[in-house]
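In listed order, ligands and their atoms are each counted from 1. What's counted below: heavy atoms across the whole structure, side chains too, no hydrogens, waters or symmetry copies. Residue numbers run from 1 in the order of the sequence given.
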Amino acid sequence: MSKISTAPIEIANRADQNRSFGLTAMRGWMECPGLVPTRIVVKAGDQSAHFNAADCCIKLADDTYFVIFNVVTHLFPDGLLIVNVSVEFTNGEQCCFPERFVAVNNSSALAKAVTEDLKAHGTPPIIARHVDSSHFPYEGGKTKAWFDIEATSPVPLDFTPSPDMETAHRHLEHWGFCILPERLPGELIHEFKGAVSEAIKSGELSYQEGTSQRILNAHRLAAGRKIWLYPPVMQFLKAHFRDQPCACQTLTYVNGSEQNAHQDTIHLTPYPAGFMAGVWVALEDVQPNSGELFVYPGSHKTPRLRARQLGLEKVDEDYSSYKKFDDEVHRMMVEGGYERHTYMAKAGQILVWHENLVHGGSVRLDKDKTRFSVVSHYFARGSVAYYDSRGEAASLEELPNVA
Ligand SMILES: O=C(O)CCC(=O)C(=O)O
Ligand SMILES: [Fe+2]
């Protein structure tokens, strides 16, 4: 008998290791000297799934693997879910990971509607490593985002803060974005910039000066977390989703991103469509030629592009195949007659975009000009949240409930 060791299975996409909701990625590490895994059997509650090891395992080093799979917790009753994972090897040996308990809670009205849709569609309760749009009933599902189907009252296109929350909602529904009435306070911007610069110096955050590189994880800094949780944003999103918002990530930019025009949908993908929003905060007055954010007003109503439909494989680091996606977005903007508008934000202004709005970063014509900004993406708690391009479950942090 060879010596196989396994580490406890962890929840890969939630900060809370005991409670979970939505699409939950689970991951266990194992060392199996001289052995190659062939089959993985996952049992969750009264469901079980058998996978080829190639569809669940990532080889980390010789004899060392990650076993990764996803549990669609919408398809399990609220309460304690027991997860067992066993592995079969080429020589017939077997090993089991330690049993894992997760407290599942999908109690919102949206989560319950999603459960019904997934049951009717036949979504597998346990999915191998890669999650795909075909797992979810985008065509036949009954649950639609209310803001995508209710007739919207036209409001004039406006790139200044809305006078009140109600107007902001109408602008978002009609044009695919809005600017909130409330600004981020100057002191918080100052505090955040100072903290980011310290964290870059100490190596806590990674950034190469002068580049368009996005700084990841600035929400782990106290000031970043305050921006993530900024109450006017959370209240707005709760009203928009009619469900609690959960924060996915932050991307902090010192300079313009120069990102091509895109829908976020293919990268930050909700089921049902619509239940994700981007929140872009200017941390300084935007200067001309600095690589300004641009949007195509109204483009949120264009068809959503999905990796499968474009024939794109799941990607990890190399997005070169996504030229096809860029070309398709470009074609839709030209054929639909959508106009590109640059957003000359004032420091502290908060722009919210609809999941499917086409946007991007202009070319940095003047490389000496910074464009300090932070963008966060949020999903509705009751939705299924994943990254279609990567085939991964989305990382979500449950923030304190918004009243
Ligand atoms: O800040 C930008 O230039 C674009 C960022 C963006 O597209 C995003 O974070 O979704
Ligand atoms: Fe984006």
| said: For H135 and Y386, I'd like to know if the aromatic rings sit close, meaning centre-to-centre distance below 6.0 Å. | reply: no
| query | With the threshold set at 4.0 Å, does a side-chain nitrogen-carboxylate oxygen contact exist between R306 and D132? | reply | no
| query | Which atoms of ligand 1 have any heavy atom of L251 under 4.0 Å away? | reply | 9 (O)
| For Y253, atoms of ligand 1 separated by under 4.0 Å from a heavy atom | 1 (O)
| request: List every atom of ligand 1 that sits less than 4.0 Å from any heavy atom of V375, numbering the atoms from 1 in the order shown and giving each element. | output: 9 (O)
| Can you name the N, O or S atom of H262 that is closest to the Fe ion (ligand 2)? | NE2
| query | Below 6.0 angstrom between ring centroids: does that apply to Y271 and Y138? | reply | yes
| Looking at H121 versus F136, is the centre-to-centre ring distance below 6.0 Å? | no
| task | Mind telling me whether H341 and F159 have parallel, tilted or perpendicular rings, with 30° and 60° as the class edges? | result | parallel
| message | Quick one, V131 with E392, criterion side-chain contact (heavy atoms from CB on, under 4.5 Å). Give me CA distance, side-chain angles, the key distance, then yes/no. | response | CA-CA 6 Å; V131 182; E392 286 171 10; over 6 Å; no
| request: Using a 4.0 Å heavy-atom cut-off, say whether E258 meets ligand 1 through its side chain, its backbone, both or neither. | output: neither
| note | shortest atom 4 (C) of ligand 1-to-protein heavy-atom contact is with S257 OG, 3.6 Å
| Going by the order shown, which atoms of ligand 1 are within less than 4.0 Å of some heavy atom of H377? | 8 (C), 9 (O), 10 (O)
| Please state which protein non-hydrogen atom is closest to atom 6 (C) of ligand 1 and give its distance, to 0.1 Å? | Q259 OE1, 3.5 Å
| message | My understanding is that only one of V36, L60, V87 makes a side-chain contact (heavy atoms from CB on, under 4.5 Å) with Y65; could you say which? | response | V36
| field | Numbered atoms and elements of ligand 1 in range of D264, under 4.0 angstrom, heavy atoms | value | 10 (O)
| Using a heavy-atom cut-off of under 4.0 Å, does the side chain or the backbone of W353 touch ligand 1, or both, or neither? | side chain
| message | Taking the six-membered ring for Trp, are W280 and F177 closer than 6.0 Å centroid to centroid? | response | no
| message | Quick check: of its N, O or S atoms, which one does D264 have closest to the Fe ion (ligand 2)? | response | OD1
| message | Under 4.0 Å, heavy-atom basis, I'd like to know which part of Q249 is in contact with ligand 1: side chain, backbone, both or neither. | response | neither
| note | Quick note on ligand 1: atoms under 4.0 Å from a heavy atom of H359 include exactly 6 (C), 7 (O), 8 (C), 10 (O)
| task | Look at R19 together with D16 and state whether they make a salt bridge at an N to O cut-off of under 4.0 Å. | result | yes
| said: Measuring from non-hydrogen atoms of H262 to any atom of ligand 1, is the shortest distance under 4.0 Å? | reply: yes
